[in-house]
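In what follows, chains are A, B, ... by sequence order, proteins preceding strands, each numbered from 1.
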Protein chains: 2
Amino acid sequence: MVLNCKYEAVLEVLFGKWKTVILFNLFSNGTMRFSELQKAIPDITKKMLTHHLRELEYHDIVHREVYQQVPPKVEYSISAYGRSLLPVLLAMNEWGMAHGKHLTELYGEESGQ
Amino acid sequence: MVLNCKYEAVLEVLFGKWKTVILFNLFSNGTMRFSELQKAIPDITKKMLTHHLRELEYHDIVHREVYQQVPPKVEYSISAYGRSLLPVLLAMNEWGMAHGKHLTELYGEESGQ
DNA sequence: CAGAATCCGAGCTGATACTG
DNA sequence: CAGTATCAGCTCGGATTCTG
């Protein structure tokens, strides 16, 4: 037996409609400001962006850097610990791509995703 | 850039309070009946067990075998395709264990999980 | 035995407006 | 610029009851 039922921790940390997209952007671009994330994810509201960022920060996945100035400036980046998620995300990513292929095989092209 | 934003498919398939535990049991024990799963996961209600099993079946992760007889007998098992999730679950599992360790380092022993 | 049906509360999500 | 506050909708999870 290979699994020792600790893998739901990942789901706990990663759950939320936008967390994946946020992490995707931060992993890709490194440090990003709040407004940059907003621009990169047009459909997200400030409330949701804030909420998910706070949760990711609480789980020590992203780092939040506040510059005390006017106008305010806040930068987000993947924390050192957050980078440990990369192998997991890569495994998930790989499966996700294969899964898309599997779906089109099952239901045909138009179903796709 | 390494991620191509397909990894949320995994979250979609794996989300649900009990899916991880169900998969854990099926991966460990192979084929299981509905009632065996109930016994293995005492806190789950029939409704939730049914619901999650149906979703897993819909995503072609588990296989459902119905025996037409009285009393009814239904067996569940990981599908061939579902087994492709194993590397992902292993990566998640590994991170989950490291995460537990990380948490106790951050907040002390009693926080643990 | 293996569910289906119903009802309910909690939490996630979102639109909108306001603030230092 | 980077949020907070308020209000509302919907989905998820759960307790309970009923059925072939």
Side-chain angles (χ1 to χ4, degrees), chain A residues 5 8-26 29-59 61-79, chain B residues 5 8-26 29-59 61-79:
Chain A
C5 54
E8 64 248 53
V10 174
L11 296 174
E12 211 185 299
V13 167
L14 254 44
F15 180 67
K17 186 173 177 183
W18 304 99
K19 291 231 181 83
T20 58
V21 198
I22 293 173
L23 288 180
F24 169 71
N25 275 279
L26 288 179
N29 302 351
T31 298
M32 291 179 80
R33 299 183 57 170
F34 188 87
S35 51
E36 292 178 318
L37 279 166
Q38 261 198 104
K39 240 171 288 177
I41 315 170
D43 289 347
I44 199 172
T45 62
K46 294 178 181 186
K47 178 188 161 185
M48 279 299 104
L49 184 52
T50 304
H51 178 70
H52 283 135
L53 283 170
R54 289 289 143 83
E55 275 188 12
L56 289 168
E57 186 195 0
Y58 172 78
H59 286 295
I61 305 300
V62 310
H63 174 69
R64 180 164 176 262
E65 185 82 37
V66 183
Y67 297 83
Q68 279 299 347
Q69 61 185 50
V70 181
K73 175 177 168 185
V74 181
E75 287 186 338
Y76 294 91
S77 55
I78 304 286
S79 75
Chain B
C5 53
E8 65 247 52
V10 174
L11 296 174
E12 211 186 300
V13 167
L14 253 44
F15 180 66
K17 186 173 179 183
W18 305 98
K19 291 231 183 85
T20 58
V21 198
I22 293 172
L23 289 180
F24 169 71
N25 275 279
L26 288 180
N29 301 353
T31 299
M32 291 179 81
R33 299 183 57 169
F34 188 87
S35 51
E36 291 178 319
L37 280 166
Q38 261 197 105
K39 240 171 287 177
I41 315 170
D43 289 348
I44 199 172
T45 62
K46 292 179 181 185
K47 178 191 162 184
M48 281 298 105
L49 184 52
T50 305
H51 178 71
H52 283 134
L53 282 171
R54 290 289 141 85
E55 276 187 12
L56 289 168
E57 186 195 0
Y58 172 79
H59 287 295
I61 305 299
V62 310
H63 173 69
R64 181 164 176 262
E65 184 82 37
V66 183
Y67 297 82
Q68 279 298 350
Q69 60 183 51
V70 180
K73 174 177 168 185
V74 181
E75 287 186 339
Y76 294 90
S77 55
I78 304 286
S79 75

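- Regarding A:Glu75, its CD atom lies at a distance of 9 Å from the P atom of D:dA2, rounded to whole Å.
- Bending across the helix from C:dC1-D:dG20 to C:dG20-D:dC1, expressed as the angle between its end axes from five pairs apiece, amounts to 50° (10° rounding).
- Listed here is the closest heavy atom pair of A:Thr31 and A:Ser77: OG1-CB, 3.7 Å.
- B:Leu23 and B:Val62 make their closest contact through CD2-CG1, 4.2 Å (heavy atoms, listed as atom of the first residue, atom of the second, distance).
- Taking atom CD of B:Glu12 as the reference point, atom P of D:dC12 lies 11 Å away to the nearest angstrom.
- In this structure, B:Met48 atom CE and C:dC8 atom C1' are separated by 13 Å, rounded to whole Å.
- A straight line from CD1 of A:Ile44 to P of D:dA2 spans 14 Å, rounded to a whole angstrom.
- The environment of B:Tyr58 atom OH is sparse: at most 12 non-hydrogen atoms of other residues, nucleotides or ligands sit within 6.0 angstrom.
- The side chain of B:Val74 sits closest to C:dA2 out of D:dG3, C:dA2, C:dG14.
- Taking atom CG of B:Leu49 as the reference point, atom C1' of D:dG13 lies 14 Å away to the nearest angstrom.
- Sorted by first and then second residue, the pairs that involve residues 43-56 of chain A and meet side chain to side chain donor-acceptor pair (under 3.5 Å), not counting sequence neighbours, are A:Lys19-A:Glu55, A:His51-A:Glu55.
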Letter per nucleotide, 5' to 3', of nucleotides 15-20 of chain D [B base touched, S only sugar-phosphate touched, - untouched; heavy atoms, 4.0 Å]: B----B
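- At whole-Å resolution of the value, CG in B:Leu53 and C1' in C:dC1 are 14 Å apart.
- Note on A:Arg64: a side-chain N or O is less than 4.0 Å away from OP1 or OP2 of D:dG3.
- Taking the side chain of A:Arg54 as heavy atoms from C-beta on, and the options C:dC12, D:dG3, C:dG3, the nearest nucleotide is D:dG3.
- At the phosphate of C:dG3, neither OP1 nor OP2 sits under 4.0 Å from any side-chain N or O atom of B:Arg33.
- Each of A:Glu55 and B:Thr50 has a nearest nucleotide on DNA chain C; the 5'-most of these lies closest to B:Thr50.
- Dashed line: the shortest gap from a side-chain N or O of A:His52 to OP1 or OP2 of C:dT13 is under 4.0 Å.
- Ring-plane geometry between A:Tyr76 and A:Phe34 is classed as tilted, the angle between the planes lying from 30 to 60 degrees on a 0 to 90 degree scale.
- The distance from atom CE of B:Met32 to atom C1' of C:dC1 is 15 Å, rounded to the nearest whole Å.
- Within 4.0 Å (heavy atoms only), A:Tyr67 reaches no atom of the nucleic acid at all.
- A:Gln38 has its side chain within reach of A:Leu49: a pair of non-hydrogen atoms, C-beta onward, lies under 4.5 Å apart.
- Between the side chains of A:Glu57 and A:His59, no donor N or O sits under 3.5 Å from an acceptor N or O.
- B:Asn25 and B:Ala40 make their closest contact through OD1-CB, 3.4 Å (heavy atoms, listed as atom of the first residue, atom of the second, distance).
- For A:Ile41 against A:Ile22, the heavy-atom pair with the smallest separation is CD1-CG1, 3.9 Å.
- The separation between B:Ile41 atom CD1 and D:dG13 atom C1' is 15 Å, rounded to whole Å.
- Checked against C:dC12, C:dG14, C:dG3, the side chain of A:Phe15 finds its nearest nucleotide in C:dC12.
- Between A:His63 and A:Ile78, every side-chain heavy-atom pair lies at or beyond the 4.5 Å cut-off.
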